[in-house]
There are 2 protein chains.
Amino acid sequence: MTLTIVALKDAPRPPKKHRVDTIVESARKVFCASGFEKGSIENIAKVAGIAEGTIYRYFESKRSLLEEVVRRHYDLFFDDIQKSLASIESPSNRLRYLIHRTLLLILEDRGMCRLRTLYRLLENNELPSLARNQNLRMADMMAHEIKSGMKDGSFRSDTSPSIVCYMIGGALELTEFSYVQTGTAIDADETTESIWQTIHGGISSKDATEESLARLIERLTQVTDRLDPA
Amino acid sequence: MTLTIVALKDAPRPPKKHRVDTIVESARKVFCASGFEKGSIENIAKVAGIAEGTIYRYFESKRSLLEEVVRRHYDLFFDDIQKSLASIESPSNRLRYLIHRTLLLILEDRGMCRLRTLYRLLENNELPSLARNQNLRMADMMAHEIKSGMKDGSFRSDTSPSIVCYMIGGALELTEFSYVQTGTAIDADETTESIWQTIHGGISSKDATEESLARLIERLTQVTDRLDPA
DNA sequence: TGCTTAAAATGAATCACATTCATTCTTTTG
DNA sequence: CAAAAGAATGAATGTGATTCATTTTAAGCA
């Protein structure tokens, strides 16, 4: 018995450099599997193969551990998306790409979505932290495209970019929420198209305009016919 | 001393009928003041003037107490809004009314907003409960108006009502969220108008259509002039 | 009105966790 | 190699929800 213990004790301590990564990765697993409240520090420590106290050497609190888990996951995504954006032509297409890409991200990892959504709320009455900034990052990218579109004339300039962002972001979030809750699959392409159509052209029937145009054309034709009875 | 105690003991127990109401009302106060996590059962009991254990005679858990607080608050609102809706003409106006009214509700009580928003998440992996239904109630009302509008021809019928709902609902939610977080006042009228404009007409520039029309009219005028050189 | 029993209320005890900290191991340094 | 510094440990602490044996009140009945 003692032998075993000694053997364990003599095993070299794992490289410190990876200690944080191990903790974050374990936390991710545990949080995704059990949620934030039910995912205990005890369990995270067990999965990481370390003592509970050790976690507190690297993280202020359970919540800041959650923060890091979420941050790592989404930072990658945002960096990548921003890179892709550069090669897409026109604000319209870039906006549509942002919508589509976000939906794909949502579908990719339901567990992380739940955490992220929760996280936003827990952050409540604290200083404007990383969290805040991160949540705003997508909104910023969208707002940027909307403003570009306004400048180059492809979008109306009498709308509020931030409200338009809210509408897109909100639609994505509710779609996410519904997916997280029910687990019912989402068709990313179709949903992108729906959101885009509405944002792009609104929901009002074009009938009125079209009718007027049709009438105008009809009349013009009559006139032309009369002028030019060839 | 004994006298005092005896006197207290002899005081008639408050009518049971109101016991639940007292608890819920105390919980509302405490939760709104301190938030859900920091609002302790101990404190709620103190405010209600009863023992902690008593609360558990009426409520399963702290969370179900929160549920009841939120439910009571919003059921009133929904009932009222639904009544008002009946006297408004046209789906467009009713939809706009729903947006406006929701914004007013948000502004009315920041504390409750925070609770409701939190509540949605906590409910996570549980049975489809009251909560769910309640959250869907506003969406249902909106979807109903959108469908009506499609039928009577005032809205395009090639959009998805649920996505449009998500967009409106999402915009409201993010507005709410931003308000809850920052406390920065919102202009309900202006915000309503912005959301409505975008939903109604989209963000695309009407320039193309307008230009064609203008050209058409110009040409028609020329023709007319030639026909009728007075 | 007094007696008996069921229902309600109580609050001290329990339990589940996050967080702390005195102690024990490891590594580094001189 | 010894001493000092840095890490890791896990038992102890603190907080707060939840339980439950006991006490108090209300209701039914003579």
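Chain letters run A, B, ... following the sequence lines, proteins first and then strands; every chain starts at 1. Excluded from the calculations below are hydrogen atoms, water molecules and symmetry mates; all remaining heavy atoms, backbone and side chain alike, are included.
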Between Arg116(B) and Tyr74(B), is NZ or CZ placed under 6.0 angstrom from the six-membered ring centre and within 45° of the ring axis?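 Yes, cation above the ring, under 6.0 Å and within 45°.
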
Where the side chain of [X] is defined as all heavy atoms beyond and including C-beta, which of [options] is the nearest nucleotide?
{"X": "Arg19(B)", "options": "dA17(D), dT18(D), dA9(C)", "answer": "dA9(C)"}
{"X": "Ile50(B)", "options": "dT9(D), dT10(C), dA7(D)", "answer": "dT10(C)"}
{"X": "Lys62(A)", "options": "dA17(D), dG11(C), dA18(C)", "answer": "dA18(C)"}
{"X": "Tyr56(A)", "options": "dA18(C), dA7(D), dA17(D)", "answer": "dA18(C)"}
{"X": "Ile41(A)", "options": "dT9(D), dT18(D), dA18(C)", "answer": "dA18(C)"}

Nearest-0.5 Å distance that lies between atom [atom1] in [X] and atom [atom2] in [Y]:
{"X": "Ser87(A)", "Y": "Arg94(A)", "atom1": "OG", "atom2": "CZ", "result": "9.5 Å"}
{"X": "Leu95(B)", "Y": "Ile195(B)", "atom1": "CG", "atom2": "CD1", "result": "10.5 Å"}
{"X": "Ile50(A)", "Y": "Arg57(A)", "atom1": "CD1", "atom2": "CZ", "result": "11.5 Å"}

What does the inter-axis angle of the helix from dT1(C)-dA30(D) to dG30(C)-dC1(D) come out as, five pairs per end, nearest 10 degrees?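 Inter-axis angle at the ends, rounded: 10°.
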
Rounded interatomic separation in angstrom, taking [atom1] from [X] and [atom2] from [N]:
{"X": "Phe59(B)", "N": "dA17(D)", "atom1": "CZ", "atom2": "P", "value": "15 Å"}
{"X": "Glu37(A)", "N": "dC15(C)", "atom1": "CD", "atom2": "C1'", "value": "17 Å"}
{"X": "Lys38(A)", "N": "dA17(D)", "atom1": "NZ", "atom2": "P", "value": "16 Å"}
{"X": "Ile55(B)", "N": "dT18(D)", "atom1": "CD1", "atom2": "P", "value": "10 Å"}
{"X": "Glu52(A)", "N": "dC21(C)", "atom1": "CD", "atom2": "P", "value": "16 Å"}
{"X": "Glu42(B)", "N": "dA13(C)", "atom1": "CD", "atom2": "C1'", "value": "15 Å"}
{"X": "Phe31(B)", "N": "dA17(D)", "atom1": "CZ", "atom2": "P", "value": "8 Å"}

For atom NE2 of His100(B), is the number of surrounding heavy atoms from other residues, nucleotides or ligands below 6.0 Å larger than 12?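 Buried by this count: over 12 neighbours within 6.0 Å.
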
Which part of the nucleic acid does Thr54(B) contact within heavy-atom distance under 4.0 Å: base, sugar-phosphate only, or nothing?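 Thr54(B): base contact, heavy atoms under 4.0 Å.
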
Checking Ser92(B) against Ser90(B): is there a side-chain donor and acceptor pair closer than 3.5 Å?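 Ser92(B) and Ser90(B) do not have a side-chain donor-acceptor pair below 3.5 Å.
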
No-hydrogen, no-angle side-chain donor-acceptor test under 3.5 Å, Ser40(A) and Asn43(A):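 The answer is no; no qualifying pair exists.
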
Closest nucleotide of DNA chain D for Gly53(A) versus for Arg57(A): which of these residues is on the 5' side?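 Taking each residue's closest nucleotide, the earlier one in sequence belongs to Arg57(A).
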
